[in-house]
Amino acid sequence: METKFKNVRCRDITPSLKGRTVLISGWVHQIRDLGGKKFIVLRDGSGIVQITVSKNEASKEVLDAVENTTLESIVQIRGIVKEDPRAPRGVEITPIEFRIISLAKKPLPLDVSGKVSADIDTRLRERVLDLRRTEMMSIARIGDKALKVIRDVLRSEGFIEVFTPKIIAIATEGGANLFPVIYFGKEAFLAQSPQLYKELLAASFERVFEIAPAWRAEESDTPYHLAEFISVDVEAAFMDYEDVMKILEKVIYEVVKTIRDENTDDLVTLNYSLPEVSLPLPRIRYVDAINILRGKGMDVKFGDDIGTPEQRILVSALDTELYFITEFPTKIRAFYTKPKDDDSEVSESFDLVWRFLELASGSSRIYIKDQLIEALKSRGIDVESFQFFIKWFDYGMPPHAGWGLGFARLLMMLTNRSSVKEVTLFPRDKKRFTP
RNA sequence: GCCGCGGUAGUAUAGCCCGGCUAUUAUGCGGGCCUGUCGAGCCCGUGACCCGGGUUCAAAUCCCGGCCGCGGCGCCA
């Protein structure tokens, strides 16, 4: 779209525009001063383009502005597009006007051009500049594409996108730590999960999904945890855990395939080749996973959690990057998880693991009121405080199932980064809530 | 919360084990040369040892405490 600041974007400047006068605005990405010639690399949200200034051809006004500009300053240029094989992409702009709109201070607290790397701590402190790096732009574009594909696939399966309340009266998951808020003088909490509300919505609309933040005041301090994270939640009536696993693997398959096909430049920028995914993904029952781990010399028994170290070992034994672990012990899953009909020690549940990282988990849910009350009691949870939820099990609660997917974890794996903080634009963790 | 590792110019680093002379290099920044760079090049300059205490003739270097960070775990749909 044409605005008073620009009528073309960097990426759109091609040799086919040669001879045309264009108006363009962006960030000064690099300055290369050869004396008689200066090359300014201009960057905007679409990419970069070269501005070429000749000392004996440009006006004094242009030369002064070019002389005074600094890295990351905002400049507006009116100039003529020139085709030249010596220029990057064979095209450059010769400025007629060169206006500094916003002069950047120097030196920069972070090298945006990527010549000198920075610690993740520095990068998060100087995040706005860090986000201007081409790697971060690629990560953001891949994240955007993933969201689009997730929505497309779910809608094609008849799911509608919904929002659930983020200020809630009670914990949905029992033990986890919540962030308290004051709600008109009463104690309330930030939602740690849309779990209960999405179940109630599935009881009305049949197939729903939500992409929204959730908050957990956990002690978790790892590269895979955030205090505020985007959760992709799905809930469907008249499905069981095996049905929603199929939905989930289809989502993952389409996301990986589409990004491989359509974000090739971004993957090159990130120096990563996404693996091919073929369906169905392997399903490893929990008991079998325990046996595999024991065979590898791990000291694990039925009822133990399968954590990151165990998942690292499992994947090496499986010869596949993405797999499900299914049918976890009932007692190590959340209260709403439905036990198997023929063995209540084991639940209709699953985790989706990508190499060493749990991306998603889900289950069939209990839909019989008495079973739900029993499940709460057996975990020592106060049944009374869940009446707002249990009540609706009296009025036609369908069998249902669902899953939740950590979006940053998915994006981290799609971009081959080592931390969810790196792929979250402004991450909130235990020791960081600014910028 | 536990264990491990670390904190040196704006950024990223070498030096630390084995204490000593002007604290290394890159990038950035300032100046100079250079009319096709594309991580431009060359020359000159600039700028730093986390805080506090201790040992010592002498501490970036050794010891103690603190603060901060990173990693591994724990905790955690």
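Convention: sequence-line order gives letters A, B, ...; per-chain numbering from 1. Fair warning: this is a prediction, and the values are worked out from it, not measured in the lab.
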Would A:R417 and A:S419 satisfy side chain to side chain donor-acceptor pair (under 3.5 Å), going step by step from the backbone distance to the final call?
-> CA-CA 6 Å; A:R417 304 292 108 171; A:S419 160; over 6 Å; no
Residues touching RNA chain B, which here means a heavy atom under 4.0 Å, drawn from residues 228-241 of chain A | A:S231, A:D233
Hey, can you pull the donor-acceptor pairs under 3.5 Å for the side chains in residues 424-435 of chain A, sequence neighbours left out?
unit_1, atom_1, unit_2, atom_2, d
A:T424, OG1, A:V420, O, 2.7
A:R428, NH1, A:P435, O, 3.0
A:R428, NH2, A:F433, O, 3.4
A:D429, OD1, A:K431, N, 2.9
A:D429, OD1, A:R432, N, 2.9
A:D429, OD2, A:K421, NZ, 3.2
A:D429, OD2, A:R432, NE, 3.4
A:D429, OD2, A:R432, NH2, 3.4
A:K430, NZ, A:E219, OE1, 2.8
A:K431, NZ, A:D221, OD2, 3.2
A:R432, NH1, A:D121, OD1, 2.9

Under 4.0 Å between any heavy atoms, over every strand shown, what does A:S361 touch: base, sugar-phosphate, or nothing? Just pick one.
-> base
Give a yes/no on whether any side-chain N or O of A:Y224 is located under 4.0 angstrom from OP1 or OP2 of B:G72.
-> yes
Contact list (N/O, under 3.5 angstrom) for nucleotides 24-27 of chain B vs protein:
none

Whole angstrom value for the distance that separates P of B:C75 from CD1 of A:I332 = 11 Å
A:E422 versus A:M136, closest heavy-atom pair with distance = O-CE, 3.2 Å
Kindly point out which of B:C73, B:C76, B:U11 is positioned nearest to the side chain of A:E218?
-> B:C76
What residues form a salt bridge (Lys or Arg N to Asp or Glu O under 4.0 Å) with A:E157, not counting sequence neighbours?
-> A:K250
Nucleotide nearest A:K106 when distance is taken to its side chain, options B:U11, B:G30, B:U13 | B:G30
Could you give all pairs that pass the ring-ring contact (aromatic ring centres under 6.0 Å, His included) test and reach residues 13-50 of chain A, with sequence neighbours left out?
-> none
Expected string for nucleotides 3-9 of chain B under the B/S/- scheme (protein heavy atoms, under 4.0 Å, primed atoms plus P, OP1, OP2 as sugar-phosphate) is -------
Where do A:L281 and A:L279 land on the side-chain contact (heavy atoms from CB on, under 4.5 Å) test, with the steps shown first?
-> CA-CA 5 Å; A:L281 298 177; A:L279 298 185; 4.0 Å; yes
Going by heavy atoms closer than 4.0 Å, what residues in residues 81-100 of chain A are next to RNA chain B?
-> A:D84, A:R86, A:A87, A:P88, A:E92
Using whole Å, report how far CD of A:Q30 lies from P of B:G36.
-> 18 Å
A:K55 vs B:C34: side-chain N/O to OP1/OP2 distance below 4.0 Å = no
List for me each residue that meets ring pair (Phe, Tyr, Trp, His ring centres under 6.0 Å) alongside A:F356, sequence neighbours excluded, and say none if there are none.
-> A:Y224
Rounded to the Å, how far apart are A:Q192 CD and B:C75 C1'?
-> 14 Å
When we call it a touch if two heavy atoms are under 4.0 Å apart, what does A:L110 touch: a base, just sugar-phosphate, or nothing?
-> nothing
For B:G10, take OP1 and OP2 only and decide whether either is under 4.0 Å from a side-chain N or O of A:R125.
-> no
OP1 or OP2 of B:C75 under 4.0 Å from side-chain N/O of A:T222 = no
For A:L196 and B:A77, give me the distance from atom CG to atom P, rounded to whole Å.
-> 14 Å
Restricting to pairs with a member in residues 284-307 of chain A, which pass ring-ring contact (aromatic ring centres under 6.0 Å, His included), not counting sequence neighbours?
-> A:Y286-A:F302, A:Y286-A:F328
Could I get the full list of side-chain hydrogen bond (donor to acceptor under 3.5 Å, both in side chains) partners for A:E254, not counting sequence neighbours?
-> none
Kindly write out the residues that satisfy salt bridge (Lys or Arg N to Asp or Glu O under 4.0 Å) with A:K18, not counting sequence neighbours, or none if the list is empty.
-> A:E83
Looking across every strand, which nucleic acid part, if any, lies under 4.0 Å from A:R432 by heavy atom: base, sugar-phosphate, or nothing?
-> sugar-phosphate
Pairs satisfying salt bridge (charged side-chain N to carboxylate O under 4.0 Å, His left out), at least one member in residues 95-110 of chain A, at least two apart = A:R78-A:E97
Looking at A:D44 and A:M137, what are the two nearest heavy atoms and their distance?
-> O-CE, 3.7 Å
So which heavy atom on A:P223 is nearest to which on A:S418, and how close?
-> CB-O, 3.5 Å
Under 4.0 Å between a side-chain N/O of A:R216 and OP1 or OP2 of B:A77, yes or no?
-> no
